[in-house]
Visitor: 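Below you will find the structure I want to go over with you.
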Protein chains: 2
Amino acid sequence: MDDRLDTIFSALSDPTRRAILARLANGKATVAELADPFELSQPAISKHLKVLEQAGLIRSGREANSRPRILEPAALKTIADWVADYRRFWDESFDRLDDYLSKVQGNEND
Amino acid sequence: MDDRLDTIFSALSDPTRRAILARLANGKATVAELADPFELSQPAISKHLKVLEQAGLIRSGREANSRPRILEPAALKTIADWVADYRRFWDESFDRLDDYLSKVQGNEND
DNA sequence: TAGCTATATAGCCAATTAGTTATATTCTAT
DNA sequence: ATAGAATATAACTAATTGGCTATATAGCTA
């Protein structure tokens, strides 16, 4: 699991890659579409996509001639879960609120 | 802000540095204390601490002969806020729940 | 089959990183 | 003032990274 965190955090440490994720939050996109906003070569974008895919942040599809990418949320949740362990340090009401929510959420999901 | 995210994510991509943060979650610690669990040289630890400090994840104190480090939660919150934008992708009930919580939390804080 | 489009891979280079050992700095205590 | 303890900095090295250009691969279309 430590390895997975390494890879995910590392993938997220690049602004180009985060921008690609943000784009994919609007739905799947081809490599060409993802490359368009940047002044980088196509191979550079392909490399970034490979890094994102190896981190499990995106997946590749197959559609006619192109290989559209889609967001893979699980890896992002891994990060969210990791950072949530520190939430009490910035959110003083965390403990009270967290207890409360676990009950509330149970009801909500019925 | 993009720069800050780069630096924070990059700092978090190393398991030694995450372990140091986990240790600091239990309270302040000296460099020697932080170095103790690892088979790394003291300068290596000092380097990791510098990376964490430049990312704003920790701060250095001053106490007699030593320079104890403490956790700095704001940088972690920055990450939590960033990843929260993607929460709807893994948590289907996010929208409903989020609306609900904003009311609940308001009451809680009274 | 030939050519076009979309994407991936290879090979190269410069910058960055994570580690090392050796040394410097800064307090504390004698 | 001197010695020791805690930590930082310097100088070096090997590995990794992010970019490039050139080229290969795969599918579509004529």
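Below, all heavy atoms of this structure are taken into account, side chains as well, without hydrogens, waters or symmetry copies. The chains referred to below are lettered A, B, ... by the order of the sequence lines, with proteins before strands, and numbering in each begins at 1.
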Visitor: Classify the side chain of A/Asn65 versus the base of C/dT5 as yes if they form a donor-acceptor pair under 3.5 Å and no if they do not.
Guide: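 Counting by modelled atom types and ignoring angles, a donor-acceptor contact under 3.5 Å is found here.
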Visitor: Please determine if a side-chain N or O atom of A/Ser46 lies less than 4.0 Å away from the OP1 or OP2 oxygen of C/dT7.
Guide: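 For A/Ser46, the contact criterion (side-chain N or O under 4.0 Å from OP1 or OP2 of C/dT7) is not met.
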Visitor: Given atom CZ of B/Arg62 and atom C1' of C/dC27, what is their separation to the nearest angstrom?
Guide: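 Interatomic distance, CZ of B/Arg62 to C1' of C/dC27: 8 Å.
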Visitor: With a cut-off of less than 4.0 Å, is there a side-chain N or O of B/Ser41 near OP1 or OP2 of C/dT20?
Guide: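 B/Ser41 to C/dT20 OP1/OP2: side-chain N or O found under 4.0 Å.
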Visitor: Report the residue (B/Ala32 or A/Val51) whose heavy-atom-nearest nucleotide on DNA chain D is the more 5′ of the two.
Guide: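 The residue mapped nearer the 5' terminus is B/Ala32.
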Visitor: Return yes if the base of D/dA6 and the side-chain atoms of B/Gln42 contain a donor-acceptor N/O pair under 3.5 Å, otherwise no.
Guide: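 Side chain to base: no pair below 3.5 Å.
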Visitor: Please give, in whole Å, the distance from C/dT7 P to A/Ile58 CD1?
Guide: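 Between P of C/dT7 and CD1 of A/Ile58: 12 Å.
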Visitor: Expressed as a whole number of angstroms, how long is the span from A/Ile20:CD1 to C/dT7:P?
Guide: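 Rounding to the nearest Å, CD1 of A/Ile20 and P of C/dT7 are 13 Å apart.
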Visitor: What is the distance, to the nearest angstrom, from the NZ atom on A/Lys47 to the C1' atom on D/dA22?
Guide: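 Spelled out: NZ on A/Lys47 to C1' on D/dA22 is 14 Å.
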Visitor: Got a second to check how far A/Arg18's CZ is from B/Asp6's CG, nearest 0.5 Å?
Guide: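 A/Arg18 CZ to B/Asp6 CG: 4.5 Å, rounded to 0.5 Å.
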Visitor: Nearest-Å distance, CD (B/Glu33) to P (D/dA5)?
Guide: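 Distance check: B/Glu33 CD to D/dA5 P gives 17 Å.
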Visitor: Calculate, to the nearest 0.5 Å, the distance between atoms CZ and CG belonging to B/Arg69 and B/Leu24 respectively.
Guide: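 Rounded to the nearest 0.5 Å, the CZ-CG separation comes to 9.0 Å.
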Visitor: So, does B/His48 get its side chain near the phosphate of C/dT17, meaning an N or O under 4.0 Å from OP1 or OP2?
Guide: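 Looking at the OP1 and OP2 atoms of C/dT17, neither is under 4.0 Å from any side-chain N or O of B/His48.
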Visitor: Which of parallel (below 30°), tilted (30 to 60°) and perpendicular (above 60°) describes A/Phe9 and B/Phe9?
Guide: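 If you compare the ring of A/Phe9 with that of B/Phe9, the planes turn out tilted.
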Visitor: Given D/dA6, is OP1 or OP2 found less than 4.0 Å from the side-chain N or O atoms of B/Arg69?
Guide: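 For D/dA6, OP1/OP2 do not have a side-chain N/O of B/Arg69 under 4.0 Å.
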Visitor: To the nearest angstrom, how far is B/Glu39 atom CD from C/dT20 atom C1'?
Guide: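 To the nearest whole Å, that distance equals 15 Å.
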Visitor: Classify B/Thr30 by what it touches in the nucleic acid, base, sugar-phosphate, or nothing, heavy-atom distance under 4.0 Å.
Guide: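 Sugar-phosphate, backbone atoms only, no base.
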Visitor: For a quick check of understanding: with a heavy-atom distance under 4.0 Å over all strands, which category does A/Leu40 fall into, base, sugar-phosphate or nothing?
Guide: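 Sugar-phosphate: the residue A/Leu40, judged by heavy atoms under 4.0 Å, touches backbone atoms but no base.
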Visitor: Report yes if a side-chain nitrogen or oxygen of B/Lys50 is closer than 4.0 Å to either non-bridging phosphate oxygen (OP1 or OP2) of D/dT9; otherwise report no.
Guide: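 Yes, because at least one side-chain N or O of B/Lys50 sits under 4.0 Å from OP1 or OP2 of D/dT9.
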Visitor: Please pick, from D/dT7, C/dT7, C/dT9, the nucleotide with the shortest atom-to-atom distance to any side-chain atom of A/Pro43.
Guide: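 So the side chain of A/Pro43 is nearest to C/dT9.
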Visitor: Can you measure B/Asp14 atom CG to D/dT17 atom C1' for me and round it to whole angstrom units?
Guide: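 That distance rounds to 15 Å.
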Visitor: Find which nucleotide of DNA chain C each of A/Val31 and B/Ser10 is nearest to by heavy atoms, and output the residue with the more 5' nucleotide.
Guide: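 It is A/Val31, whose closest nucleotide lies nearer the 5' terminus.
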Visitor: Let me check something: do A/Val31 and A/Ile70 share a hydrophobic cluster, defined by ILVMFWY side-chain heavy atoms less than 4.5 Å apart, either directly or through other members?
Guide: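 Result: no, two separate clusters.
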Visitor: Can you measure B/Leu49 atom CG to D/dT7 atom P for me and round it to whole angstrom units?
Guide: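 From B/Leu49 CG to D/dT7 P: 10 Å.
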Visitor: Side chains of A/Gln54 and A/Thr7: any donor to acceptor distance under 3.5 Å?
Guide: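 No - no donor-acceptor pair under 3.5 Å links their side chains.
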Visitor: How close do A/Trp82 and B/Leu12 get, counting heavy atoms only, and between which atoms?
Guide: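 Taking every non-hydrogen atom into account, CH2-CD2, 3.7 Å.
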Visitor: C/dT26, C/dT20, D/dT21: which one has an atom nearest the side-chain heavy atoms of B/Arg67?
Guide: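 That would be C/dT26.
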Visitor: Would you say A/Arg17 places a side-chain N or O within less than 4.0 Å of OP1 or OP2 belonging to D/dT17?
Guide: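 No, A/Arg17 has no side-chain N/O under 4.0 Å of OP1/OP2 on D/dT17.
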